[in-house]
Amino acid sequence: MPDLTRNAVDVLPEGRLAEQLSADRPLRIKLGIDPTTADIHLGHTVVLEKLSEFQRQGHTVVLIIGDFTARVGDPSGRSSTRPLPSAEEIEANAATYQEQAFKLLDRERTEVRRNSEWLRMEPDALLGLLAQTTVARLLERDDFQKRLGAGVPVAALELLYPLLQGYDSVAVEADVELGGTDQKFNLLFGRDIQVAYGQTPQSILTMPILVGTDGVQKMSKSLGNYVGVTDAPEEMFGKLMSIPDEAMAQYYRLLLGSEQPAGPANEAKRKLGRRIVDRFHGEGAGAGAEEHFNRLFVDRGVPDEIPAWDIDPAAGEEPGTILLPQLIGSGFELSSSEARRLIKGGGVKLDGETVGPDILALPREALAGKVLQVGKRRFLTLFDSAA
RNA sequence: GGGGGAGUGUCCGAGUGGUUAAAGGAGACGGGCUGUAAACCCGUUGGCUCUGCCUACGCAGGUUCGAAUCCUGCCUCCCCCA
């Protein structure tokens, strides 16, 4: 039987999980995710993967979509108050989160709940919950201490977060709760809340935080260093190839559960890319994505599928000419000033040939049917709807 | 309730009446090198109908030939005391 604590950072209290596991009954394993952004990324999957391991050993996963807590803002690991998403955003994200989570979890053995079910409680009940702790206790956490020390504000709402998350554990009667290491305070706090409500406290297990594609900061959507589980295969492979070599070992360990193979870093990284793409897009998708990658970046060719773009709307005043800044701007969602600078900087190519720095307009015939390229990775096939 | 401080471009952060679209850094983007790694080098980094025009230093007014810089009001935020 595989070791469920593999890769875990904290498994608390000492020895408790082993006891629970030996009791020979299915445990209720809780994970809460707040739908604050549109997509689940690889960072989330580290914990989801662990959850799946529990599941494979017959335990029940309780996945909590934190549609209510998303409105409060988890202070965990934050150096400033989190910007709160709108109700619409939360709703939209909540809808897609579970689908994404099921890329890793077994539907049959997963209970999905939204915490607005029980957190949208009567004021009396809320007071009852608030009565369970003290401000000193809430302020103990390291992230608050740092912020208080640095004079960075702590929103009153944030103070409530651990109480609410803890109450989730009460509501679903969790035996074990998982989370990233940044969740340690919240997870432990949940134990106290459970005791206050007469339940046996959960044990907790924390997993390391995956570093983002920049190799420095934790993976997060807002930092733009993430690989989304819904990213297209090519995109996913490309992003994985761009991670720093030093981050690779961690990716292997946390995402694939294996050690980085010996040998050239480039080889190992390609393998990482293939395996992860396969996982989310099906066997063979990784190889396809790699081919695409090779064509694009190794052979410096053009991708097999390039979106078409109509040049006509960029027609200039002189008959028969197309204004390049306008064309590039609209085609690649850049401002025309940006496009102008790109041309000047030699970053624009037509059928592989760099467009001269002073060329701001070209005859329609010179553009229709050609491939317009900006930088290394953005392409459009041009056509002329007026022709 | 009282006192103090702050709001500048994606972010950090200079600038306290005159080439200031606003130093510097980070980030990002483009080019070179390459393994879309790292390191390094170069360039760009408000918008546009681009040899010029427009918008911009929390908001609204005002003083001035001229303001991010001075004045008035407002808004927001932070800290301390109570």
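These numbers come from a predicted model, not from an experiment. Atoms considered below: every heavy atom in the structure, side chains included; atoms not considered: hydrogens, waters and symmetry mates.
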Gap in Å between the two P atoms, one belonging to C48(B) and one to U64(B), rounded: 37 Å
NZ/NE/NH1/NH2 to OD/OE distance under 4.0 Å, Glu53(A) and Arg6(A): yes
Separation of atom CG in Asp358(A) from atom P in U51(B), rounded to whole Å: 12 Å
Spacing of Lys239(A) atom NZ relative to U36(B) atom P, expressed in whole Å: 17 Å
N or O in side chain of Ser336(A) less than 4.0 angstrom from U49(B) OP1/OP2: yes
Spacing of Glu338(A) atom CD relative to U10(B) atom P, expressed in whole Å: 12 Å
Residue Met241(A), side-chain atoms from C-beta onward, closest of U49(B), G47(B), U36(B): U36(B)
Partner nucleotide, any strand, of U69(B) [Watson-Crick/G-U, under 3.5 Å]: none
Residues Asn186(A) and Gln165(A): side-chain donor-acceptor under 3.5 angstrom: yes
NZ/NE/NH1/NH2 to OD/OE distance under 4.0 Å, Arg137(A) and Glu140(A): yes
Whole-angstrom distance between U69(B) and G58(B), as gauged at atom C1': 15 Å
Arg378(A) vs G30(B): side-chain N/O to OP1/OP2 distance below 4.0 Å: yes
Sugar-phosphate only, base, or nothing, as touched by Leu334(A) at under 4.0 Å among non-hydrogen atoms: nothing
Which nucleotide in U34(B), G35(B), C50(B) has an atom nearest any side-chain atom of Asp245(A): G35(B)
Rounded interatomic separation in angstrom, taking CD from Gln217(A) and C1' from C12(B): 13 Å
Salt-bridge present (Asp142(A), Lys146(A); N to O < 4.0 Å): yes
Inter-nucleotide C1' distance (U63(B), G30(B)), Å rounded: 46 Å
Within-4.5 Å side-chain heavy-atom neighbours: Arg16(A) and Pro201(A): no
G52(B) to G43(B) separation - P atoms, rounded to the nearest Å: 24 Å
G32(B) and C59(B), which share atom name C1', separated by this distance in whole Å: 47 Å
Pairing partner (Watson-Crick or G-U wobble, both distances under 3.5 angstrom) of U34(B): none
Sugar-phosphate only, base, or nothing, as touched by Glu267(A) at under 4.0 Å among non-hydrogen atoms: nothing
Pairwise P distance, C70(B) and U19(B) [rounded to whole Å]: 16 Å
Any-strand Watson-Crick or G-U partner of C48(B), both distances under 3.5 Å: G52(B)
Residue matched to A21(B) through Watson-Crick or wobble contacts both under 3.5 angstrom: none
Shortest side-chain distance from Pro244(A), nucleotide among U49(B), G47(B), A37(B): A37(B)
Charged N-O contact under 4.0 Å between Arg295(A) and Glu290(A): no
Nearest-angstrom distance, P atom, G7(B) to C12(B): 11 Å
Whole angstrom value for the distance that separates P of A28(B) from NZ of Lys376(A): 14 Å
Nucleotide nearest Arg340(A) when distance is taken to its side chain, options G31(B), C50(B), C29(B): C50(B)
Under 4.0 angstrom between Arg341(A) side-chain N/O and G47(B) OP1 or OP2: yes
Out of C48(B), G35(B), U36(B), whichever nucleotide has its closest atom nearest the side chain of Ser335(A): C48(B)
Atom-pair distance (CZ on Arg270(A); C1' on G35(B)), nearest Å: 7 Å
Ser76(A) and Asp182(A): side chain donor to acceptor below 3.5 Å: no
Selected nucleotide, minimal atom distance to Arg377(A) side chain, candidates G35(B), U36(B), C29(B): U36(B)
Nucleotide opposite G43(B) in a Watson-Crick or G-U pair, distances under 3.5 Å: C29(B)
Complement of C74(B), any strand, by Watson-Crick or G-U distances under 3.5 angstrom: G58(B)
Spacing between Leu342(A) atom CG and A28(B) atom P, to the nearest angstrom: 16 Å
Sugar-phosphate, base or nothing in reach of Lys344(A), heavy atoms under 4.0 Å: nothing
Distance, rounded to the nearest Å, where Ile328(A) contributes CD1 and C48(B) contributes P: 13 Å
Position toward the 5' end of RNA chain B (nearest nucleotide), Val154(A) or Asn266(A): Asn266(A)
Rounded P spacing from G61(B) to G5(B) in Å: 28 Å
Given C29(B), G31(B), U36(B), the nucleotide with the shortest approach to the side chain of Phe297(A): U36(B)
Hydrophobic cluster membership, Leu350(A) vs Phe332(A), 4.5 Å side-chain cutoff: yes
Sugar-phosphate, base or nothing in reach of Gly238(A), heavy atoms under 4.0 Å: base
